[in-house]
Every structure is written in C-alpha cells, then in structure tokens.
Amino acid sequence: MEGYSISFTLGKASANHGGNVEHNNRSFTADNVIKEKSKDNIQYKVQNIEEAFHELFDDAVEEYNKKQNRPCRCIDNYFEHIKKSKREEIFYEAVVQFGNVDDAPCGSQRGEMAKQMLDEYMKDFQQRNPNLFVFNAVLHMDEASPHIHIDFIPFYTNGRKNGLSKGVSMRSALDEQGFKASSKMNNRLVAWEAAERKAMEEILISHGFARQDKNAHHKHMSVEEYKWYENERSIQAKLKQERNILSSDISKENVLNLKQKLASANKKISNLEKDKSSPVKSFFYSDPDKQSFIQSKMDSMNIPYVETEHGFDAQECYVEQIRQWEKEFKSSSKSFREKIIADIDRLLVQCNDVEELYKKLQAEGYKIKLGKYVSVKPPMAERYIRLKSLGEEYNERALQNRIQHCMNFENKLNENIDKAKADNSPTYKTLTTIRFYTVTFKKGLLPCRKKFKQQPFSWTNDAELDKLLILNKKINQGATIQSMKQDFENLEQKLKEKNESAVEVQKKVQRLSRGQEAFEVLYEGKKSETISLEEAQLYQKRYPNINANTYHQTKELADTARQEQAVLKNEINELEKEIRELSSAISVAEQVRAGTYVQELVSSENIRRNADVLPNGVFKI
C-alpha cells in the first residue's frame with residue numbers, strides 16, 4: 001500500500017497565522033471550512049488560556065511576590081506580564097498531518113486512516129512532552145484533509161535564583177525534556193521537532209505504512225541562499241562563455257578585454273563568496289518608522305533580509321550601509337500612523353474578513369505588502385508601516401477577531417430585534433434604530449466617535465451608539481420617557497438639597513478652621529496672617545471649655561467637617577453626571593420615538609463634511 005507523508009509545523013502565538021484558537025474551535029467559520037462536517041471534529045481539550053496560566057503559575061507567582069521587598073517588582077497577572085514583555089511567547093501551536101489533500105482527503109478511506117493515526121499521535125503527545133502544557137487541541141475533519149491543531153504553553157520547573165520557580169520558556173522546557181543544542185543550526189527546537197516527526201513515523205510503521213518524503217532530493221535553501229546560488233551560477237556561465245573563443249578571435253585587444261572581464265567576474269564571485277559567508281546580524285528599532293525607512297531602502301537596493309519580531313536580520317557585510325541610512329532617517333509626524341488607525345477603524349466594521357479589509361484599503365489608495373508581517377503604505381506616504389507596530393489590536397489576528405466581534409454584535413442585535421417584535425416589547429423601536437445606525441455607518445455616512453479614546457473603535461466603543469444602548473437598557477428595566485422625566489425632576493430636587501447642605505458645611509468648615517488656627521496661635525505660638533493674638537484671646541473667652549489640654553479637639557472637628565464636605569462634593573458630582581446622562585437619554589428617546597435620531601446625525605455630518613471643503617467653513621444650501 002502507498003505510504004504517507006509527514007507534516008509537522010510549529011507556529012508562535014505572535015506570528016501571523018501562528019495560531020488562532022477561536023478559528024480552531026470554530027468560534028467563527030472561515031471560507032475553507034465545510035460547516036456540515038464540523039460535527040466530525042474531535043476536541044481533545046478546550047481551556048481558556050488565561051485559566052491555563054492561573055492553573056500552571058499562580059502558586060509560583062504567589063511564592064515569588066512574597067519574596068519581593070519592593071511592590072513594583074511584584075507580578076499581578078502573569079499572563080499579561082508575559083504578553084507585554086515580548087521576551088517569551090504566550091503559547092505555541094503545532095499543526096500535525098499525515099498525507100495531504102491529494103492522497104488523503106477528508107471522507108476517503110486513506111483520510112480515515114490518517115484520522116486514526118492522528119488520534120494515536122495526540123493521545124501520547126502530553127506524555128512525551130511533560131513541559132508543554134496543552135490547553136487546546138482539535139482534530140479537524142471539516143477541511144480539505146485531516147489535521148490536528150495543538151496549542152500549548154512551554155514551561156520550566158527548575159527554579160531560578162532571581163525569578164519564578166516555574167515559568168514560561170520554550171528553551172528551558174525543551175532543556176528539561178532532554179533536548180540539547182549541538183550547533184546553531186541544530187538547536188533544541190530542531191531536535192525536538194525531529195523527535196516528534198520520529199514519533200509520527202513510528203505510528204506509520206506500526207500500521208504497515210512507509211514514510212514518503214516529498215521533494216526529498218532537493219537540498220533545502222532559504223530565499224537568500226537561492227539568490228546567491230543563482231547569482232553565482234549566472235557569473236560562472238558568463239565566464240564559461242568568455243573562455244570558449246575561437247583562435248581567429250585571439251588578438252591583443254581581445255585578450256585584454258577577456259582579462260578585464262575575467263578579473264571583473266572573479267572579483268564578483270569573490271565578493272559573493274565573502275557575502276555568503278558573512279555572519280548574520282540582528283537589527284532592532286524602538287521607532288517603527290525608522291525600521292520601515294531602513295527596510296524600504298534595502299528593498300530598493302535588493303538587499304536580502306529576514307523580518308523578525310522586533311526588527312530584521314541582515315548579513316554583517318551590509319552594516320556600514322545600514323548605519324548610513326540610519327543617519328539619514330528623519331522622524332516624520334505621526335499623521336500617517338493616525339490616518340491608518342482611523343481608516344482601519346472606520347472600514348473594519350464593513351468587512352467580513354481581513355482580506356476584504358485589505359481590498360477596501362487598496363480602493364482608497366493604500367498599498368499592501370503581505371507576508372509574515374503585513375505592512376501598508378497610505379496615499380502620499382514614502383514608506384510602508386507594519387500593522388503590528390500600530391498596537392496589539394492591529395495585527396492580522398487581532399483584526400480578524402475584531403471583525404468577528406462586530407459580526408457577533410450584529411447577529412445578536414438581529415436576534416434581539418426578532419424577539420422584541422415577537423414579544424411586542426417596548427425595546428423594539430430602540431433596537432431597530434440601533435440596527436439602522438450600524439447600517440448607515442457601514443455605508444460611510446457617519447464618522448467614528450470613540451467613547452474611550454485610547455481603545456480601538458467598535459460597536460461597543462462608539463459614543464453615539466452608546467447613547468442608544470444606554471437608552472435600550474433603561475427601557476428594558478421598565479423606563480419610559482415620562483418616568484425618565486420624573487426621575488430627572490427628582491434628581492434636580494435632590495441636587496438642590498445637596499448644594500444647600502454643601503453651603504452649610506462650607507460655612508462650618510470655615511468656622512472650625514478659623515477656630516483651630518486661633519487656638520494654635522494662642523497655645524502653640526503660631527504666627528498667622530489672618531488671626532492676631534487679641535482675636536485668639538476672644539476665641540478663648542467665647543469657648544471657655546477649650547484649654548491647653550483640649551484644644552487639639554478643634555483640629556479633629558475641622559478634619560471631620562472637611563471629610564463631610566468632600567463626601568458631599570462627590571455626591572454632587574455623581575448627581576450632576578447622572579442628570580447629564582438622563583437628560584441625554586430623554587433627548588435620544590424623543591428622537592427615537594420621532595424616528596429622527598440617525599437622520600439628524602447624518603445631517604450634522606453632511607454639514608461638517610461640506611464645511612471642511614468650502615472656504616472659511618461656509619456651507620451654502
């Protein structure tokens with residue numbers, strides 16, 4: 001019987017397509033998934049990654065925090081700590097497959113055999129890898145061919161002198177499992193992956209199959225190595241052509257030209273050999289714009305480099321040129337970065353996936369560079385900017401998740417509308433207005449107005465939509481326009497009473513503070529610009545019960561009054577905020593009832609947009 005090929009691919013959580021747990025668990029359905037076959041998938045383990053971190057590391061974190069003398073060194077949340085540090089990946093994902101879509105597709109006899117072998121492989125994975133904690137593992141039978149996604153957290157258990165006794169580290173995890181690096185090319189990761197492929201091969205053999213090697217006769221070369229190989233081969237061909245000359249062509253001039261060409265070709269080969277053997281150097285930049293500038297220069301000069309998490313790797317022979325470009329770099333304004341963020345936020349809610357987002361950006365004049373790290377170049381900009389450099393909410397996986405959350409919001413909204421209509425609920429009018437708002441926004445007729453400025457735009461971070469959501473919540477709790485108006489009157493009356501109390505407390509604070517200062521002048525000899533000794537003596541006659549032993553009580557009374565004043569001030573602020581929100585809710589409710597809420601927003605936006613393009617902001621009707 002024909003054998004099976006083996007595929008074992010490892011990805012990092014931070015890398016594009018490096019691991020998407022929501023996709024693996026079918027929280028959303030991609031285009032390549034056959035929905036009706038999802039029932040055949042096998043979920044070995046489904047655990048929230050933050051819960052997994054608590055399970056693994058809470059005891060070690062608590063032990064570590066107890067040893068710290070400085071609170072700033074304590075770790076509140078180890079998951080967020082690792083996520084922000086960027087020194088370690090929060091998790092890794094291995095994708096495992098026997099055969100491929102051509103020889104073992106889902107639904108075929110060989111596909112079912114591949115499923116059985118994958119199941120055997122998965123059941124022994126955790127036992128083989130005690131330092132790789134699997135928190136999510138799914139066998140997919142609803143795509144082209146059977147395969148497993150294994151998401152795991154690598155951890156060490158051998159304590160560290162100045163750190164946690166148990167923590168995240170792929171390198172240390174593999175060390176503890178006995179994998180050692182023999183050279184730079186044969187490191188721990190390479191040795192571990194080889195061991196996993198060996199385990200897959202043993203399963204194949206146990207079922208009577210041989211391992212097929214796809215394209216095994218080709219030596220593996222990186223893109224950069226292939227370029228060097230082609231360049232050198234081209235030069236050698238030219239050399240060979242120059243050497244094959246006829247005797248009749250030999251002349252002093254021809255010999256001289258030949259020698260010059262040979263010397264030039266030999267020099268090129270020498271330089272190529274030197275560059276090929278040049279060691280690799282890593283470049284890191286805290287300024288993403290500077291990195292984009294350097295990479296654009298390297299692209300224009302066809303200089304090879306490999307993008308890394310926080311920069312790129314290039315051969316040492318290019319260091320001098322790269323340093324020269326670094327000196328030429330001048331920091332530009334952040335307007336382009338802000339424009340990209342604003343355009344993505346605006347367009348994202350209109351899309352079903354990131355590919356559609358890229359198409360919409362291109363339609364607006366953007367250039368897109370796909371790859372491990374997606375980069376975009378806005379119209380009029382000089383260089384590409386990595387999406388991930390805009391913030392953690394703008395890498396490709398985060399964008400897909402944000403799109404999915406917006407779609408989930410809209411689906412839930414439609415369900416609530418259908419339910420409200422069936423129940424004849426008073427929230428039906430508000431819910432349909434919310435849907436009308438989202439549809440109008442997606443047509444590009446309304447601007448992004450964030451409720452929380454530092455967070456990316458979404459349906460739950462839309463200042464205008466938030467007013468409708470607050471109103472819907474109030475109506476859901478039984479509120480009506482009339483009841484809200486009555487509540488508004490009650491709050492205003494309560495605010496009036498609080499303000500009157502605040503005036504009285506203010507007088508009390510002033511009186512007690514002055515008395516406190518008077519007794520401090522009298523009994524402590526304090527110098528005061530507002531109270532003389534004679535006035536202090538009058539206070540003594542007015543309050544004969546207060547003497548040198550009891551005058552400290554005046555300070556306590558004054559402090560109590562100040563605390564009472566502070567409490568009243570906070571209550572007044574909260575009442576004023578509540579009144580503003582209720583006033584806004586009443587205004588929105590009246591517009592919703594009249595069916596004009598969205599129309600008025602569109603009208604205001606049209607006036608603003610026309611004012612932006614007419615002289616002096618004048619809008620003529």
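Sequential numbering from 1 along the given sequence is applied to the chain's residues.
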Can you tell if the side chain of I153 reaches within under 4.5 Å of the side chain of I49, non-hydrogen atoms only? yes
For a ring-ring contact (aromatic ring centres under 6.0 Å, His included) with F91, tell me which candidate from F135, F155, F53 qualifies. F135
List the residues meeting ring-ring contact (aromatic ring centres under 6.0 Å, His included) with Y394, not counting sequence neighbours, and say none if there are none. none
Kindly check if the number of other-residue, nucleotide or ligand heavy atoms within 6.0 Å of NZ (K180) is above 12? yes
If you draw a 6.0 Å radius around NZ in K39, do more than 12 non-hydrogen atoms from other residues or ligands fall strictly inside? yes
Residue list, side chain to side chain contact (heavy atoms under 4.5 Å, CB included) with E202, at least two apart or on another chain: K198
Does E320 pair with R323 as a salt bridge, N-O distance under 4.0 Å? no
Within the distance-only criterion (no hydrogens, no angle test), does the side chain of N65 pair as donor or acceptor with the backbone N or O of E62 below 3.5 angstrom? no
May I ask you to decide if S169's main-chain N or O and S172's side chain share a donor-acceptor pair within less than 3.5 Å? no
I'd like to know if the side chain of K166 and the backbone of L56 have a donor-acceptor N/O pair within less than 3.5 Å. yes
Minimum side-chain heavy-atom gap E22-N401 below 4.5 Å: yes
Taking only residues two or more places apart in sequence or in another chain, which ones pass ring-ring contact (aromatic ring centres under 6.0 Å, His included) with Y358? none
Kindly write out the residues that satisfy ring-ring contact (aromatic ring centres under 6.0 Å, His included) with Y44, not counting sequence neighbours, or none if the list is empty. none
Flag for Q47-N136: side-chain donor and acceptor within less than 3.5 Å: no
To the nearest 0.5 Å, atom CE of M200 lies from atom OG of S7 at 7.0 Å
Listed partners of K367 passing side chain to side chain donor-acceptor pair (under 3.5 Å), at least two apart: none
Does E201 come within less than 4.0 Å of R197, counting only side-chain N to carboxylate O? no
To the nearest 0.5 Å, how far apart are CG in L348 and NE2 in H405? 11.5 Å
Excluding sequence neighbours, so at least two apart, what forms side chain to side chain donor-acceptor pair (under 3.5 Å) with D175? R188
Interatomic spacing from NZ in K37 to SG in C106 - rounded to 0.5 Å: 6.5 Å
Flag side-chain contact, heavy atom, 4.5 Å: N25 against V46: yes
Who passes side chain to side chain contact (heavy atoms under 4.5 Å, CB included) against Y64, sequence neighbours left out? Q68, I75, L164
Does NZ or CZ of R110 fall inside the cone over Y4's six-membered ring, less than 6.0 Å from its centre and within 45° of the axis? yes
Would you say the side chains of Y373 and E396 form a donor-acceptor pair under 3.5 Å? no
Side-chain contact, heavy-atom cut-off 4.5 Å: M301 with Y318? no
Any side-chain donor near an acceptor of the partner, S389 and R337, under 3.5 Å: yes
Check step by step if side-chain contact (heavy atoms from CB on, under 4.5 Å) holds for Q97 and S145. CA-CA 8 Å; Q97 184 171 348; S145 56; 2.7 Å; yes
All side chain to side chain contact (heavy atoms under 4.5 Å, CB included) counterparts of E328, not counting sequence neighbours: F293, K297, Q324, W325
Mind checking what makes salt bridge (charged side-chain N to carboxylate O under 4.0 Å, His left out) contact with E364, not counting sequence neighbours? R346
Counting C-beta onward and ignoring hydrogens, is there a side-chain heavy-atom pair between L189 and M170 closer than 4.5 Å? yes
Treating Y156 as the side-chain partner and R171 as the backbone partner, does any N or O pair qualify as donor plus acceptor under 3.5 Å? no
Are D299 and Q295 close enough that a side-chain donor and a side-chain acceptor fall under 3.5 Å? no
Checking side-chain polar atoms at under 3.5 Å, does E51 have a donor or acceptor matched by the opposite partner on H54? no
Neighbour count >12 (heavy atoms, 6.0 Å) for atom NZ, K369: yes
Under the side-chain contact (heavy atoms from CB on, under 4.5 Å) rule, what do M117 and L204 come out as? Steps first, then yes or no, please. CA-CA 7 Å; M117 291 188 291; L204 273 176; 3.7 Å; yes
Centre-to-centre under 6.0 Å for F133 and F152, is that the case here? no
Is it true that the NZ or CZ of R128 lies under 6.0 Å from the centre of Y121's six-membered ring and within 45 degrees of the ring axis? yes
Student check: side-chain heavy atoms of I341 and F457 closer than 4.5 Å: no
side-chain contact (heavy atoms from CB on, under 4.5 Å) between Y92 and L132, worked out: CA-CA 9 Å; Y92 289 77; L132 308 180; over 6 Å; no
Which residues share a side chain to side chain contact (heavy atoms under 4.5 Å, CB included) with K360, sequence neighbours left out: L347, Q350, C351, E356
Backbone N/O of M141 and side chain of N41: donor-acceptor pair under 3.5 Å: yes
Can R402 and D345 be counted as an ion pair, charged N to O under 4.0 angstrom? yes
For the backbone of G99 and the side chain of D103, can you confirm whether one donor and one acceptor N or O come within less than 3.5 Å of each other? no
Check side chain to side chain donor-acceptor pair (under 3.5 Å) between H207 and all other residues, then give those that pass, not counting sequence neighbours. E120
State, yes or no, whether a side-chain contact exists between I368 and Q362 at a heavy-atom distance under 4.5 Å. yes
Using a distance-only test with no angle check, is there a side-chain donor-acceptor pair under 3.5 angstrom linking S282 and D313? yes
Minimum side-chain heavy-atom gap R211-S5 below 4.5 Å: no
Would you check if there is a donor-acceptor pair between the side chains of E93 and N24 at a distance under 3.5 Å? yes
Looking only at atom types and distance, does a side-chain atom of Q126 sit under 3.5 Å from a main-chain N or O of V134, one as donor and one as acceptor? yes
Salt bridge or not between K359 and E355? Use side-chain N to carboxylate O under 4.0 Å. no
Who passes ring-ring contact (aromatic ring centres under 6.0 Å, His included) against Y384, sequence neighbours left out? none
Inspect the contact between K281 and E316 and indicate whether a charged nitrogen and a carboxylate oxygen are less than 4.0 angstrom apart. no
Can N129 and E196 be counted as having a side-chain donor-acceptor contact under 3.5 angstrom? yes
N131/E176 under side-chain hydrogen bond (donor to acceptor under 3.5 Å, both in side chains): CA gap, chis, key distance, verdict: CA-CA 7 Å; N131 289 77; E176 290 188 21; 2.9 Å; yes
So, D343 and K339, do they make that salt bridge, N to O below 4.0 Å? yes
